[in-house]
Number of protein chains: 2
Amino acid sequence: MLDFIFYVWQNIGMRSYGQHCAVAKALDVIGDRWTLLIVRELMIRDGCRYTDLRNGLPGIATNLLAERLAEMEAAGLLEREAARPPVATTLFRLTARGRELEPVIAALGIWGAPLLPRKPDKAGFRDHWIALPIRLYLRDRHPEREPIRISIRCGDEWLTLATLGDGSVEVRSGSTNSPHLKLEGNPQMILSVLLGKTQIAIAEGEGLNIAGDVGILQRFRPVPAIAG
Amino acid sequence: MLDFIFYVWQNIGMRSYGQHCAVAKALDVIGDRWTLLIVRELMIRDGCRYTDLRNGLPGIATNLLAERLAEMEAAGLLEREAARPPVATTLFRLTARGRELEPVIAALGIWGAPLLPRKPDKAGFRDHWIALPIRLYLRDRHPEREPIRISIRCGDEWLTLATLGDGSVEVRSGSTNSPHLKLEGNPQMILSVLLGKTQIAIAEGEGLNIAGDVGILQRFRPVPAIAG
DNA sequence: CGGCATCCTCTTTGATACTG
DNA sequence: CAGTATCAAAGAGGATGCCG
């Protein structure tokens, strides 16, 4: 049966390296252009529409997005869900298998971070992207204490950072009532402050707007791969 | 200066996603077809010749290999070294920056492992590949004790597994004197036994040839990402 | 032989326009 | 909104040629 599946695979046009190697097999599935960026987008906001994806993937051609989505669905990375009326749209969500790509995305982000130019180019940036490094690289030192809530604004969009009971950090879109802290400014500066890489005073000097209990930032630590 | 570098980058023909995102920037550099497999190959045996690379990358076109090597050198992933006479050949090695891709390769391998067919297809397999998962996913529980040496044969090639003082495991090509253990058989079975996923008795039933101190295998543990 | 460069064909992509 | 359709340009793959 497995042989049959691989026979079909090879003959369905899915280009394969044809190597008996786990890395090559992974790249057979997620090595195509744009595929991992679509995964990134769905990891940031799971269950989003075609148009949301297009907006979160500046530069992608619409035919390519459609093609990739079909391939990724066939590969079991994502699923389509018909949203309930009256919304009447299709939502794309990662499957469990798709979410298992998180360590790959995390490792790529760590490796690619030094390649980011200091000044963000507005054209190729989307405000919600900041949610990904926060979730992947930030942890709560004291998950047993009261959850942290921070309101973040970069660009026009408001985001809410909230710690969970297991020490992980979630980011939702929208604002929150009575947050411990409000951060407004450019995303790289906000991230740098959260990760403890930039002193608060310096960040304020660079234009970051901070209001609230700055002491709460001591609760955060970066994951070892970042800290090291 | 940095602006200038990025200006050159954008205009040298290096296709870029143009997104201000660390994952996208990483994929700008290592997202091209074959690039990560070349990294894999150099991670297994660093400092190898063009011909060795071609042999370790079944399916690559020679012009593509040459092109990728040039791009990767320009991107600072690898270096050429003129081997001393009388060898008179060029050796390719990863730079430190190239070696930092190890977590990416490791994460891809973990994700891709379930995609491997049970029966290895001889055509698309190279014996030395087994060195990579051993190094990435196997650790010594007791690095303070005497180093472990194991001789491995899959196919025609002999490999030597040796533990280092820091708990990591290295694999060299060639045999060794008086190893604790000799393993001969198919690579997947050998790996499965080393990672503790297959009982020794079962592996022997499946054709694996084991000789020596099988108790030494208790010293090994898989890395958490595998064990979990 | 080792390390490519050239030539050619085929596939993938990117940009844009169009549709139910 | 959620895609198809079309078409030009770029990239991948294969064969072969060249040069020290």
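Numbered from 1 within each chain, the chains take letters A, B, ... in sequence-line order.
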Report summary line: The contact string for nucleotides 13-20 of chain D, one letter per nucleotide 5' to 3', using protein heavy atoms under 4.0 Å with B, S and - for base, sugar-phosphate only and none, comes out as BB-B----

Query raised in the report: Per the end-axis method with five pairs at each terminus, what is the bend angle of the helix from C/dC1-D/dG20 to C/dG20-D/dC1, to 10°?
Result: 30°

Query raised in the report: To the side chain of A/Ala66, which of C/dC4, D/dG3, D/dC1 is closest?
Result: D/dG3

Residues 98-108 of chain A side chain polar contacts: donor-acceptor under 3.5 Å, at least two apart:
{"unit_1": "A/Arg99", "atom_1": "NH1", "unit_2": "A/Leu94", "atom_2": "O", "d": "3.2"}
{"unit_1": "A/Glu100", "atom_1": "OE1", "unit_2": "A/Arg97", "atom_2": "NH1", "d": "3.4"}
{"unit_1": "A/Glu102", "atom_1": "OE1", "unit_2": "A/Arg135", "atom_2": "NH2", "d": "3.0"}

Query - Distance-minimising heavy-atom pair for B/Thr95 and B/Glu79 - result: CG2-CG, 3.5 Å

Query - Atom pair distance, as rounded to whole Å: CG in B/Asp32 and C1' in C/dT12 - result: 13 Å

Requested in this report: Write down the distance between CD (A/Glu73) and C1' (D/dG3), rounded to a whole number of angstrom.
Outcome: 14 Å

Query raised in the report: Counting just side-chain N and O atoms, does B/Thr51 come under 4.0 Å of either OP1 or OP2 of C/dC1?
Result: no

Query raised in the report: Any side-chain donor-acceptor pair under 3.5 Å between B/Thr62 and B/Tyr50?
Result: yes

Query raised in the report: Taking the six-membered ring of B/Trp129 as reference, does the NZ or CZ atom of B/Arg40 fall below 6.0 Å from its centre and within a 45° cone about the axis?
Result: yes

**Report entry** Pairing of A/Glu157 and A/Arg153 as salt bridge, 4.0 angstrom limit
**Finding:** no

Report summary line: Separation of C/dT12 atom C1' from A/Glu67 atom CD, nearest Å, is 8 Å

